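See structure below.
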Amino acid sequence: MPELLRLALEQLESVPPSLWLRRSGTLYLLVNAAHIGAIGLLIGSIVPLDLRLLGILKPGPLAVLAPVLARTAATGLALAVLTGAMLFSVRPFDYLQNPAFGVKMGLLAAGAANAWLVRQGGAWAGVAAGRQPSGALRVQAAASLALWLGCLVAGRWIGFL
């Protein structure tokens, strides 16, 4: 491990929130529960949105559902990243040595990039205006499902390695 990275991780372990989490089982439990809740918010929003974009789930107009579900998923992602960073700070060296953590971070980055690309594309604006999703948007929705569900599985895998 490069010396600069090692020093940065040692500093991260010594910041007050990290110390508080290590010293309080209750605080760690609450942050962990918040992380799980945030993941639930993300997955609980993105799965129905992607299934609706794919045409598998039919109820409700996309122009109404898509913006609400996208904002809810974004909120869940932001909270999951925040609480995940707090949990990471408790044992950063262990997490970086865990292959499942690397897979999870890669899938998370790819899922976030995919979501950003969807929002930048004209097909998303069309859906918000009431048009049907394009073929490319459907492919992105299928990729989103695979990436976010893969991220969820990889997150659980961390505890088994």
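Since the model is a prediction, treat every value here as computed from it, not as a measurement. Both backbone and side-chain heavy atoms feed into the values below; hydrogens, waters and symmetry mates do not.
Side-chain contact between I46 and L69: absent, with no pair of heavy atoms (C-beta onward) separated by less than 4.5 Å. Between D50 and I56 there is no side-chain heavy-atom pair separated by less than 4.5 Å. Contact check for V118 versus S144: no side-chain heavy atoms found under the 4.5 Å cut-off. The side-chain heavy atoms of R138 and Q132, taken from C-beta on, include a pair separated by under 4.5 Å.
At distances below 3.5 Å, at least one donor-acceptor pair connects side-chain atoms of N114 with backbone N or O atoms of Q140. Using a distance-only test at 3.5 Å, with no hydrogens or angles considered, no donor-acceptor pair links the side chain of R6 to the main chain of F93. With hydrogens and angles ignored, the 3.5 Å screen pairs no side-chain donor or acceptor of H35 with any backbone N or O of T83.
Contacts of L27 classified as side chain to side chain contact (heavy atoms under 4.5 Å, CB included), with partners at least two apart in sequence or in another chain: W20, L21, S24, V31. The side chain to side chain contact (heavy atoms under 4.5 Å, CB included) check on I158 picks up Y95, N98, A100, F101, K104, with sequence neighbours excluded.
Membership of the apolar cluster around L117 extends to W116, as traced through chained side-chain contacts below 4.5 Å between ILVMFWY residues.
Taken from CG in L49 to CG in L54, the straight-line distance is 9.5 Å, to the nearest 0.5 Å.
Smallest separation of non-hydrogen atoms from W148 and A112: CZ2-N, 3.5 Å.
In this structure, a donor-acceptor pair under 3.5 Å is present between the side chains of S18 and R22.
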* Yes or no on side chain to side chain contact (heavy atoms under 4.5 Å, CB included) for N32 and L29, after CA distance, side-chain angles and deciding distance? -> CA-CA 5 Å; N32 199 341; L29 168 74; 5.7 Å; no
